[in-house]
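Taking it in order: structure first as structure tokens, then the write-up.
By convention in this document, chain letters (A, B, ...) are assigned in the order of the sequence lines, proteins followed by strands, and residues within each chain are numbered from 1.
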Amino acid sequence: MKPTEAIKIQKEFREKLTLEFPAVNVKKIAGVDVSFKDNFSFAIVVILSFSTLEVLEVKFFKRKIDYPYIPGLLSFREGPVFLNAWEKIKMEPDIVFFDGQGIAHPRGFGLAAHMGLFIEKPTIGVAKSKLYGVYEEPPQESGKYTYLYTKNNQKIGAVVRTVANQNPIFVSPGHLMDIENAVEMTLKCVRNHRIPEPTRLAHIYSQKVKKGELKEFEKGDQIRLI
DNA sequence: GCGACAG
DNA sequence: ATCTTGTCGC
């Protein structure tokens, strides 16, 4: 697909986003990440308990890379392989965290927003750096944050300090989500690292998968002696 | 034209 | 993202 065509699709589908979080009781959440090696991409989906952050299920999918990295078009590179892995998940998470932007995007349609429409689930974008928007540096204390705005002063996300004196992360809602809930839920997933658990674990697992060091599993699979 | 630019 | 080991710092 040509970039101009992909951009047209983003402008068309952003209209379908719902930036409101349905009042659901969040029990299980998911973290997604994609890694690359040679000519292959490896997508990982990790299911966690929202209250304990315990890992309940891990599934992955490998396929050839068929799209280049183009700023603003990340979902066309990582989306397909993610959807392949998503189909393997047996549990049904209430929220899905992605390693990238939600609506904090040039056309308001980043990876988390795009995938949210596909899977019809509330999604949140958690990026390590900014793609689009203007903001003021948040205070150095953990848990503090400032907002991300478009050039027209429209609020599109938050710049969150998850760990004191460490670089902030960029949080923005995808689909079926709002900024306040996105920030609140993201902070609840932070343990002792800058990156919240869903995305952090997905990243660790995806690194192991491409090295052939990870086996998929789901709760109950654990083999134990005794 | 110049700078910015998720992963 | 990836190419890559040890090393400085909280």
A:Glu15: which residues meet the salt bridge (charged side-chain N to carboxylate O under 4.0 Å, His left out) condition with it, sequence neighbours left out? none
Pairing residues for A:Lys64 by the salt bridge (charged side-chain N to carboxylate O under 4.0 Å, His left out) criterion, not counting sequence neighbours: none
Go along nucleotides 1-7 of chain B 5' to 3' and tag each nucleotide: B for a protein heavy atom under 4.0 Å from its base, S when only backbone or sugar atoms are that close, - otherwise. ----BBB
If you draw a 6.0 Å radius around CD in A:Gln166, do more than 12 non-hydrogen atoms from other residues or ligands fall strictly inside? yes
Check for me whether A:Lys155 meets the cation-pi criterion with A:Tyr149, that is, NZ or CZ under 6.0 Å from the six-membered ring centre and within 45 degrees of the ring axis. no
Can you run down the salt bridge (charged side-chain N to carboxylate O under 4.0 Å, His left out) pairs that involve residues 22-38 of chain A, sequence neighbours left out, and say none if there aren't any? none
Between which nucleotides of DNA chain C, read 5' to 3', does contact with chain A run, using atoms under 4.0 Å from its heavy atoms? C:dA1 to C:dT2
Using heavy atoms and a sub-4.0 Å distance, could you list which residues of residues 202-212 of chain A are near DNA chain C? By number, please. A:His203, A:Gln207, A:Lys210
With pairs taken as Watson-Crick or G-U wobble and both distances under 3.5 angstrom, which stems of at least three consecutive pairs involve DNA chain C? none
Tell me every residue that passes side chain to side chain donor-acceptor pair (under 3.5 Å) with A:Ser49, counting only those two or more places apart in sequence or in another chain. A:Ser51, A:Thr52
Apart from A:Phe36 itself, residues in the same hydrophobic cluster as defined by side-chain heavy atoms under 4.5 Å: A:Val34, A:Phe61, A:Ile65, A:Val81
Name all residues meeting the salt bridge (charged side-chain N to carboxylate O under 4.0 Å, His left out) criterion together with A:Arg77; count only those two or more places apart in sequence or in a different chain, and write none if there are none. none
Where is the tightest heavy-atom contact between A:Ala104 and A:Tyr132, given as atom of each residue plus distance? O-CB, 4.1 Å
Residues forming a salt bridge (charged side-chain N to carboxylate O under 4.0 Å, His left out) with A:Glu216, sequence neighbours excluded: A:Lys88
Taking a pair as Watson-Crick (N1 to N3 plus N6-O4 or O6-N4) or G-U wobble (N1-O2 and O6-N3), both under 3.5 Å, which stems of 3 or more consecutive pairs involve DNA chain B? none
